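First up is the structure itself, then whatever we jot down about it.
In this text, all values refer to a predicted model and were calculated from it rather than measured experimentally. Note that ligands are numbered from 1 as they come in the structure, with each ligand's atoms numbered from 1 the same way.
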Amino acid sequence: MTILVTGGAGFIGSNFVLDWFKSSDEPVVNLDALTYAGNLENLASLQGDARHVFVKGDICDRALIDHLLAEHQPRAIVHFAAESHVDRSIHGPGAFMRTNVEGTFTLLEAARAYWSALQGEAKSGFRFHHVSTDEVYGSLKPQDPPFAETHAYEPNSPYSASKAASDHLVRAWHHTYGLPVVTTNCSNNYGPYHFPEKLIPLMIVNALAGKPLPVYGDGQQIRDWLYVTDHCSGIRAVLAGGTLGETYNIGGWNEKANIDIVKTVCALLDELRPDPAGPYARLITYVTDRPGHDRRYAIDARKIERDLGWRPAETFETGIRKTVQWYLANEAWVANVQSGGYRDWVSQQYGA
Ligand code: NAD
Ligand code: TYD
């Protein structure tokens, strides 16, 4: 048995692959285009491990996917590959439409052809697991209940619109062709190997460098934070036991305002790596808000708990401490990703 993972050199995908081998020897074929966000250094501990087959390639490349499916005969596809950063989608939505929409379409078509030709248990056991986001549901008002699976799709950014489109394609390929799919919509992840363009790693890295900590708008936007290995265990639970054609929301029951996240990161750094120049919170700088910035996301994760018995193992307090400690212990990783394309992006987004 083998699974095919797409985007397994990115933040969540690489955590998923590393986590997978902690509880399974089932091989993983890892297809990743190694965009700016893909980093094989995340998977360095798997070097020479025959269970992990890395393939550099694009999910829009139908011939390559056909070839990989025929060669490795996976029992499941777990689809992480995407353009994932909202701010980048505002500056350049084209790559999001290509990878998130066209790439998912290409993968679905390849999966359909492969699955249609399977027989017996190989056919009935096959799964296409689509990894998606809570951002497809749009923005909540302060008193609104959290997003349940039945919430209307109201995406507001080019990123969330492209993910919503991909979710709809996955749904349609199940209803029209019977492709055995499951979809998970997860809240904001954080943890090791998180690229420092996203809020939490950016704040850690900037603080350590004595740079401003850019908080968009009034900093009162709310996200529901989930430690990345909890997302991975949720995906494994849905892959193993989820009902075909269903979606499952995965979240941490951790609604926090951005400014509180930044202050928590600063306080942990004050404790673990005090700066002689003074508390890190002195670096907090309010900057122009993100256009169309969603005010609040929150996940109602009761369905996955009720149906599959999944709950997060980490609280926000344990997860954020582990995360800050990981960045302090892995400064070489940070230095290596802060090169080339990353620097160009930072100057485009935040100015010189
Ligand atoms: P990421 O940007 O860190 O990684 C994406 C990976 O996909 C990279 O390794 C990149 O090289 C690869 N990739 C991009 N385009 C590709 C292409 N055309 N072909 C093959 N590979 C390609 O993203 P992430 O944060 O790890 O997110 C993974 C998935 O989880 C995405 O689908 C995202 O929408 C979803 N998600 C993310 C979060 C979050 O908080 N980060 C929350 C919920 C859902
Ligand atoms: P981000 O990590 O980009 O995730 P998403 O936009 O997918 O939720 O941003 C998390 C929140 O932090 C979001 O409300 C935007 C805000 N933010 C800042 O205030 N400053 C920053 O420099 C970044 C990158 C994000």
Side-chain angles (χ1 to χ4, degrees), residues 5-16 30-40 42-43 55-61 64-65 78-90 95-96 98-100 102-104 106-107 130-136 139 156-157 159-160 162-164 166-167 184-191 193-203 206 212-226 228 231 234-235 249-251 256-259 261-262 284-290 293-297 299 337 345-346 349-350:
V5 165
T6 71
F11 163 48
I12 304 172
S14 62
N15 275 284
F16 179 82
N30 183 351
L31 172 64
D32 195 297
L34 297 182
T35 67
Y36 79 94
N39 185 353
L40 279 181
N42 302 2
L43 301 163
V55 179
K56 182 176 185 301
D58 194 320
I59 58 165
C60 297
D61 183 345
L64 172 64
I65 299 163
V78 186
H79 176 34
F80 293 94
E83 289 290 338
S84 69
H85 189 35
V86 173
D87 293 322
R88 284 184 189 257
S89 82
I90 295 167
F96 289 73
R98 184 179 176 278
T99 286
N100 300 2
E102 190 190 330
T104 301
T106 307
L107 206 56
H130 179 56
V131 179
S132 193
T133 165
D134 60 357
E135 304 193 23
V136 298
S139 185
N156 291 320
S157 73
Y159 163 65
S160 56
S162 70
K163 291 297 291 187
S166 69
D167 292 8
T184 46
N185 294 85
C186 189
S187 60
N188 284 63
N189 286 214
Y190 66 102
Y193 304 115
H194 205 181
F195 197 80
E197 65 182 354
K198 305 278 172 77
L199 180 72
I200 289 178
L202 183 77
M203 296 302 146
N206 275 17
L213 307 180
V215 173
Y216 296 164
D218 64 3
Q220 294 301 328
Q221 304 83 3
I222 288 171
R223 300 291 182 262
D224 179 352
W225 294 93
L226 182 69
V228 63
H231 187 188
I235 291 171
N249 286 354
I250 307 180
K256 307 270 182 209
N258 291 340
I259 186 64
I261 296 284
V262 177
I284 292 174
T285 308
Y286 289 91
V287 300
T288 309
D289 208 353
R290 170 187 283 173
H293 198 169
D294 283 337
R295 197 70 182 162
R296 173 177 167 236
Y297 304 142
I299 283 274
V337 296
W345 161 249
V346 169
Q349 172 71 0
Y350 301 103

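Note on ligand 1: Cys60 sits outside its first shell, no heavy atom being nearer than 4.0 Å. Residue Thr6 places no heavy atom under 4.0 Å from ligand 1. Ligand 1 lies out of reach of Phe195, whose nearest heavy atom is not under 4.0 Å from it. Heavy atoms of Gly57 come nearer than 4.0 angstrom to ligand 1 in at least one pair.
Of all atoms in ligand 1, listed by their number and element, those nearer than 4.0 Å to a heavy atom of Tyr159 are 33 (C), 34 (O). Under a 4.0 Å criterion applied to the non-hydrogen atoms of Glu135, ligand 2 contributes the atoms 5 (P), 7 (O), 8 (O). Numbered from 1 in the order shown, with element, the atoms of ligand 1 that lie under 4.0 Å from a heavy atom of Lys163 read 31 (C), 32 (O), 33 (C), 34 (O). With ligand atoms numbered from 1 in the order given, ligand 2 contributes 19 (O) to contacts under 4.0 Å with heavy atoms of Val215. Residue-ligand proximity, Pro214 to ligand 2, at heavy-atom distances under 4.0 Å covers atoms 18 (C), 19 (O), 20 (N), 21 (C), 22 (O). In the vicinity of His85, heavy-atom distances shorter than 4.0 Å reach the ligand 2 atoms 3 (O).
Pairing each heavy atom of Tyr286 with each of Gly219, the nearest pair is CE2-N, 4.3 Å.
Of the listed residues (Asn188, Ile200, Thr99), the one carrying the non-hydrogen atom nearest atom 15 (N) of ligand 1 is Thr99. Residue nearest to atom 12 (C) of ligand 1, selected from Asp32, Leu40, Asn30: Asp32 (by heavy-atom distance). For atom 40 (O) of ligand 1, the candidate residues are Asn189, Leu199, Ile235; the nearest heavy-atom contact is made by Asn189. Taking each of Glu197, His293, Arg295, Arg290 in turn, the one with a heavy atom nearest to atom 3 (O) of ligand 2 proves to be Arg290. Nearest to atom 25 (C) of ligand 2 by heavy atom, out of Tyr159, Phe195, Tyr190, Tyr216, is Tyr216.
Between Asp294 and ligand 2, not a single N/O pair is under 3.5 Å apart. The shortest N or O to N or O distance between Arg98 and ligand 1 is not under 3.5 Å. Between Ala81 and ligand 1, no N or O atom pair is found at a separation short of 3.5 Å. For a threshold of 3.5 Å applied to N or O pairs, the pair formed by Phe11 and ligand 1 contains at least one separation below that value. When only interatomic distances are considered, the shortest N/O to N/O separation between His194 and ligand 1 does not fall below 3.5 Å. Note: an N/O pair closer than 3.5 Å links Arg223 and ligand 2 by distance alone. Close N/O approach between Glu83 and ligand 1 is not found [any backbone or side-chain N/O within under 3.5 Å]. Where the criterion is an N or O separation shorter than 3.5 Å, residue side chain and backbone included, Leu202 fails it with respect to ligand 2. Between Gln221 and ligand 2, not a single N/O pair is under 3.5 Å apart. Taking distance alone, with nitrogen or oxygen atoms compared against 3.5 Å, Met203 stays at or beyond that limit from ligand 2. Here's the thing with Trp225: none of its N/O atoms is less than 3.5 angstrom from an N/O atom of ligand 2.
Between Trp225 and Tyr190, the ring-plane angle classifies as perpendicular under the 30° and 60° cut-offs.
The nearest heavy-atom contact from the protein to atom 4 (O) of ligand 1 is Gly10 CA, 3.4 Å. At the shortest separation from atom 10 (C) of ligand 1 among protein heavy atoms lies Thr35 OG1, 3.3 Å. Among protein heavy atoms, the minimum distance from atom 19 (N) of ligand 1 is reached at Ile59 N, 3.0 Å. At the shortest separation from atom 43 (C) of ligand 1 among protein heavy atoms lies Cys186 O, 3.3 Å. Atom 21 (N) of ligand 1 has Ala33 N, 3.0 Å as its closest protein atom, hydrogens excluded (heavy atom only). The protein atom (non-hydrogen) at minimum distance from atom 37 (C) of ligand 1 is Ile12 CD1, 3.3 Å.
Residue Val287 does not touch ligand 2, judged by heavy-atom distances below 4.0 Å. Under 4.0 angstrom from ligand 1, there are no non-hydrogen atoms of His79. Residue Tyr36 does not touch ligand 1, judged by heavy-atom distances below 4.0 Å. Heavy atoms of Ser187 found under 4.0 angstrom from ligand 1 belong exclusively to the backbone. Heavy atoms of Leu34 found under 4.0 angstrom from ligand 1 belong exclusively to the backbone. For Ser132, every heavy-atom contact with ligand 1 shorter than 4.0 Å involves the backbone, none the side chain.
Proximity of a side-chain donor or acceptor of Ser14 to a complementary backbone N or O of Phe11 within less than 3.5 Å is detected. For Asp32 (side chain) and Ala9 (main-chain N/O), a donor-acceptor pair under 3.5 Å exists by modelled atom type. Under the 3.5 Å distance criterion, the side-chain polar atoms of Ser187 are left unmatched by any main-chain donor or acceptor of Gly251. A distance-only check finds no donor-acceptor pair linking the side chain of Asp134 to the backbone of Asn185 [under 3.5 Å]. Distance alone, capped at 3.5 Å, is enough to place a donor-acceptor pair between the Thr6 side chain and the Phe80 backbone. Of the possible donor and acceptor atoms, none in the side chain of Asn100 sits under 3.5 Å from a partner among the backbone N and O of Ser162.
Test His231, His194, Lys198 against Asn189 for side chain to side chain donor-acceptor pair (under 3.5 Å) and you get one pass: His231.
Atom CD of Glu135 sits about 6.0 Å away from atom CZ of Arg223, to the nearest 0.5 Å.
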Show the numbers, then the answer: is there a salt bridge (Lys or Arg N to Asp or Glu O under 4.0 Å) between Asp218 and Arg295?
CA-CA 11 Å; Asp218 64 3; Arg295 197 70 182 162; 2.7 Å; yes
Does the side-chain hydrogen bond (donor to acceptor under 3.5 Å, both in side chains) test come out yes or no for Glu83 and Tyr159, once each step is laid out?
CA-CA 8 Å; Glu83 289 290 338; Tyr159 163 65; over 6 Å; no
